[in-house]
**Student:** 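I am attaching a structure below and will ask some questions about it afterwards.
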Amino acid sequence: MQRFLEGLKLLVFGRPIATERAQRIGLKTRLALPVFGAGLLSTVAYAPDAVVDALRKGGVQSTLPVMAVAVVAIMVLLGFAYRSNVRKRPDERGDYGLVSDKLGPTAALITGSSLLVDYIFTVAVSVAAIAQFVAYVVPVVGDRHTLVAVVSIAIMTLANLRGIRERAHVMLVVWFGFLLVIFLVIAFGASRGDVVPPANPPEPTWSSAIAFAGAIASGAVMLTGIEHLASSAPEHAEPRAKRAGRTLILAVLTGAAAFLAVTIMVWRYRVSGWQSGPVLLQATDRIFEAGWTVWVVAIPAVALLYAAASTVFRRFSRLTSFLARDAYLPRQLSQQSERLVFRGGVLWVAGASAAIVIATGARLEQLVHMYLIGAFAAIVLSQVAMVRLQSGRIAVEPTGRPRLRMKGTRVLHIAAAVVAAAVWIVIAVFNFAAGAWFALVLVAGLVLLMRGIHSHYADVRRQLAIQPNDRASSRPSATHGIVLVAQLHRPALRAIAYAKAARHSSLEAVAVQVEPAATRELQRRWGELRLGVPLVILDSPYRDMVGPVLEHVRSIHRVSPRDMVVVYVPEYIVGRWWERFLHNRATLRLRARLLSVPRVVVSAVPWHLQSSLDTAEGAAFTRELPRIAGADDEAEEATTRG
């Protein structure tokens with residue numbers, strides 16, 4: 001069974017990768033753009049849906065171009081602000097590291113929690129969009145959106161656990177392939193002259209104003225991939241900061257242009273959002289009036305959505321490793337697997353996103369309302385941190401052009417912080433009942449959880465710190481060895497031999513009496529073997545195997561509180577999975593209880609059964625050890641020689 005499991009693990013995850021092979025490959029802009037810009041560009045596949053849905057509820061679909069321009073303006077502003085982030089802080093820790101350094105641990109906790117929630121919803125929204133595209137081109141899928149989305153998450157999870165990364169040249173084809181398809185759709189759609197122009201926008205009302213605010217907030221989903229771009233500087237070739245800034249602004253401008261072009265085509269061809277399916281495919285269907293064309297658009301769109309969600313797995317696991325190193329999450333999350341993968345983070349994001357997809361039925365319009373809370377909370381805090389950073393630089397810079405440039409950059413970050421805060425407030429207010437409350441609860445819950453974990457680690461660190469004249473390294477005044485004997489067999493003899501080798505101050509074997517006849521037989525055989533170790537029988541009138549042993553250990557401590565007690569427990573080592581249910585059950589309970597008693601050491605003495613031996617050499621470990629003679633035996637032997 002063990003060999004089968006190891007073979008299956010090798011098949012699924014691949015061969016281990018040595019640490020020295022983990023080298024960063026510096027990417028130039030033309031390759032870094034599709035690798036790190038996939039998340040931002042992929043939002044073109046579903047951001048128009050969110051804007052159309054918001055305007056449809058207010059009956060003002062005709063204002064779609066105006067809303068698209070407003071979203072593009074926000075994108076451009078935040079894009080240039082984040083380019084400044086990257087150039088000043090080319091750090092893979094991204095917004096979390098920046099906020100931690102400039103605003104302190106509380107703001108860093110909020111940023112880290114917000115980004116984790118943002119990444120979880122990025123995966124959920126991306127796979128929901130994949131399911132929507134698949135259902136549109138393959139009608140037999142029907143209402144099985146959730147199944148398609150969950151299967152997509154499962155595939156991404158396996159790929160990321162194996163450490164499979166999208167090749168830069170493959171991503172180049174996917175990224176530019178999607179852009180090429182969008183360009184062809186827009187060009188053909190713009191060339192048709194038989195399209196009736198939409199009616200004039202209606203007079204603004206309170207309901208339309210609410211729809212406008214919701215549309216801008218929903219369209220801001222276009223910026224959810226910007227943090228990944230901002231933390232990609234270490235993956236760029238030198239000069240990293242300059243190249244990463246260039247990659248970021250190109251990705252933002254490209255995504256903004258694609259989003260604007262798609263929304264204008266959606267508006268021009270009167271895609272109102274009442275029909276189910278992605279508005280991008282609906283517009284394509286109306287432009288070409290040929291069924292096969294939606295496949296041409298859907299395939300690169302699904303590929304880009306998959307790539308975007310898959311990269312989020314790595315960014316999420318990387319962020320959890322940073323948080324774990326800072327003692328805000330379990331430290332195991334900072335450890336890489338044999339495939340150089342932060343496996344815990346991958347499983348966390350997979351489980352959380354799958355749970356959200358199942359809970360919402362993979363409904364894209366509902367997921368988008370939950371989506372932006374985390375992303376824009378992190379954006380606001382990062383821009384505030386950049387304002388503080390620029391203020392610090394201005395304070396030490398003499399007068400001149402550099403100081404003026406710094407002041408101009410600070411104004412840029414102030415404007416970005418104000419705009420991002422306004423968008424966040426609009427999202428929290430107008431989308432609160434539609435699902436934003438859930439994201440707020442998640443962020444708050446993660447902050448409380450991580451604060452509790454950090455406090456626990458700090459408390460443990462205080463308890464474990466070496467104190468002046470520390471007595472932790474002092475030797476115990478005496479050690480008492482106890483060998484637990486349930487029955488007299490080879491594992492028991494092995495445990496007794498080990499205990500004798502330790503040369504304790506005192507040594508005894510302990511058995512718990514449940515059946516008097518079995519106890520008398522044990523005493524008889526014990527006397528025949530002459531093991532040189534006294535046998536203590538503990539009575540157990542209620543057939544409890546654990547309580548009498550614990551009381552016996554405590555009785556030793558009552559007599560000698562500073563002494564150490566070492567308990568030797570024979571255990572069977574088995575090779576078949578089902579054998580684990582047949583052996584060592586009482587032993588495991590006893591070990592767990594003994595470990596809770598101070599100044600007690602539990603030593604498990606293994607005995608390998610034949611099923612656990614993989615090689616012939618393994619049998620050597622089960623042979624009888626040479627008998628370790630006690631002092632009485634040595635004296636007797638000396639007398640005989642004399």
Side-chain angles (χ1 to χ4, degrees), residues 471-574 580 582-607 624-625 627-633:
R471 300 178 61 184
S473 61
S474 60
R475 297 178 62 181
S477 56
T479 62
H480 302 275
I482 296 176
V483 182
L484 296 182
V485 180
Q487 52 184 311
L488 199 52
H489 46 24
R490 301 176 73 193
L493 297 180
R494 171 67 55 80
I496 292 170
Y498 284 156
K500 285 183 176 180
R503 300 189 179 277
H504 295 286
S505 303
S506 65
L507 178 62
E508 62 185 7
V510 171
V512 178
Q513 177 176 272
V514 177
E515 298 181 3
T519 301
R520 287 193 295 271
E521 177 63 19
L522 174 63
Q523 290 174 314
R524 185 187 64 78
R525 294 196 61 199
W526 194 271
E528 292 176 352
L529 290 175
R530 298 182 180 180
L531 297 174
V533 176
L535 176 64
V536 177
I537 304 297
L538 304 178
D539 189 31
S540 179
Y542 300 105
R543 299 159 301 283
D544 178 21
M545 303 292 292
V546 177
V549 176
L550 289 174
E551 179 58 29
H552 183 68
V553 170
R554 293 191 181 104
S555 68
I556 297 175
H557 280 149
R558 282 194 290 268
V559 176
S560 305
R562 296 179 55 190
D563 291 357
M564 183 72 69
V565 178
V566 182
V567 182
Y568 295 87
V569 183
E571 288 190 10
Y572 302 142
I573 307 301
V574 299
R580 298 172 189 170
L582 305 178
H583 302 284
N584 302 323
R585 309 314 298 175
T587 299
L588 292 175
R589 292 195 301 272
L590 180 58
R591 284 179 57 190
R593 294 290 299 277
L594 286 171
L595 288 173
S596 65
V597 181
R599 298 181 304 281
V600 171
V601 176
V602 181
S603 176
V605 182
W607 183 270
E624 291 281 358
L625 290 179
R627 185 179 179 190
I628 301 173
D632 295 341
D633 298 286

**Student:** What closest approach, in Å, do His480 and Ser506 show between heavy atoms, and which atom pair accounts for it?
**Tutor:**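 Scanning both residues completely, I find the closest heavy atoms to be ND1-OG, 2.5 Å.
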**Student:** Using atom types as modelled and distance alone, determine if a side-chain donor or acceptor of Ser603 lies under 3.5 Å from a backbone N or O of Tyr568.
**Tutor:**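 Answer holds: no.
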**Student:** Less than 4.5 Å apart, side chain to side chain, heavy atoms only: is that true for Pro570 and Trp607?
**Tutor:**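 The answer is no; the side chains never approach within 4.5 Å.
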**Student:** Might you point out which heavy atoms bring Val533 and Trp526 nearest each other, and give the distance in Å?
**Tutor:**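 Minimum heavy-atom separation between Val533 and Trp526: O-NE1, 2.8 Å.
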**Student:** Step by step, would you call Glu521 with Arg524 a salt bridge (charged side-chain N to carboxylate O under 4.0 Å, His left out)?
**Tutor:** CA-CA 5 Å; Glu521 177 63 19; Arg524 185 187 64 78; 2.5 Å; yes
**Student:** Of all heavy-atom pairs between Pro606 and Arg494, which one has the smallest distance, and what is that distance?
**Tutor:**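 Taking Pro606 first and Arg494 second, the nearest heavy atoms are O-NH1, 4.3 Å.
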**Student:** What closest approach, in Å, do Ala499 and Leu507 show between heavy atoms, and which atom pair accounts for it?
**Tutor:**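 For Ala499 versus Leu507, the nearest heavy atoms are CB-CD1, 3.6 Å.
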**Student:** Could you report the tightest heavy-atom contact between Arg591 and Glu571, atom names first, then the distance?
**Tutor:**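 Shortest heavy-atom contact: NH1-OE2, 2.6 Å.
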**Student:** What is the distance from atom CZ of Arg599 to atom CD1 of Ile556, rounded to the nearest 0.5 Å?
**Tutor:**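 Output value for this atom pair is 12.0 Å.
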**Student:** To the nearest 0.5 angstrom, please state how far the CE atom of Met564 sits from the NE2 atom of His557.
**Tutor:**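 If I round to the nearest 0.5 Å, the distance is 7.0 Å.
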**Student:** If you measure from CZ on Arg520 to CD on Gln513, what distance do you get to the nearest 0.5 Å?
**Tutor:**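 Between atom CZ of Arg520 and atom CD of Gln513 there are 8.0 Å.
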**Student:** Only one of Ile482, Val483, Val549, Val602 forms a side chain to side chain contact (heavy atoms under 4.5 Å, CB included) with Val569, so which one is it?
**Tutor:**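 Among Ile482, Val483, Val549, Val602, the one that satisfies the side chain to side chain contact (heavy atoms under 4.5 Å, CB included) with Val569 is Val602.
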**Student:** Can you measure from OG (Ser540) to CD (Glu551) and round to the nearest 0.5 angstrom?
**Tutor:**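 Between atom OG of Ser540 and atom CD of Glu551 there are 12.5 Å.
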**Student:** What verdict does the side-chain contact (heavy atoms from CB on, under 4.5 Å) test give for Leu595 and Val600, after you've listed the backbone C-alpha separation in whole Å, the side-chain angles of each residue and the deciding distance to 0.1 Å?
**Tutor:** CA-CA 7 Å; Leu595 288 173; Val600 171; over 6 Å; no
**Student:** Does Arg593 CZ have over 12 foreign heavy atoms under 6.0 Å away?
**Tutor:**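 Atom CZ in Arg593 is not packed in, count stays at 12 or less.
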**Student:** Measure the CD-CG distance between Glu515 and Leu522 for me, rounded to the nearest 0.5 Å.
**Tutor:**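 Those atoms lie 12.5 Å apart.
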**Student:** For a quick test of reading the model, state the closest non-hydrogen atom pair linking Pro548 to Leu538 and the distance between them.
**Tutor:**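 In terms of heavy atoms, the two residues are closest at O-CD1, 3.6 Å.
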**Student:** Any heavy-atom pair between the side chains of Leu484 and Val512 that's under 4.5 Å?
**Tutor:**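 No. Closest side-chain heavy atoms not under 4.5 Å.
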**Student:** Is the closest side-chain heavy-atom distance between Asp563 and Pro476 below 4.5 Å?
**Tutor:**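 When only atoms from C-beta onward are counted, Pro476 and Asp563 do not touch, as no gap falls below 4.5 Å.
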**Student:** When rounded to the nearest 0.5 angstrom, what distance separates CD1 in Ile496 from CG in Leu488?
**Tutor:**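 That separation rounds to 6.5 Å.
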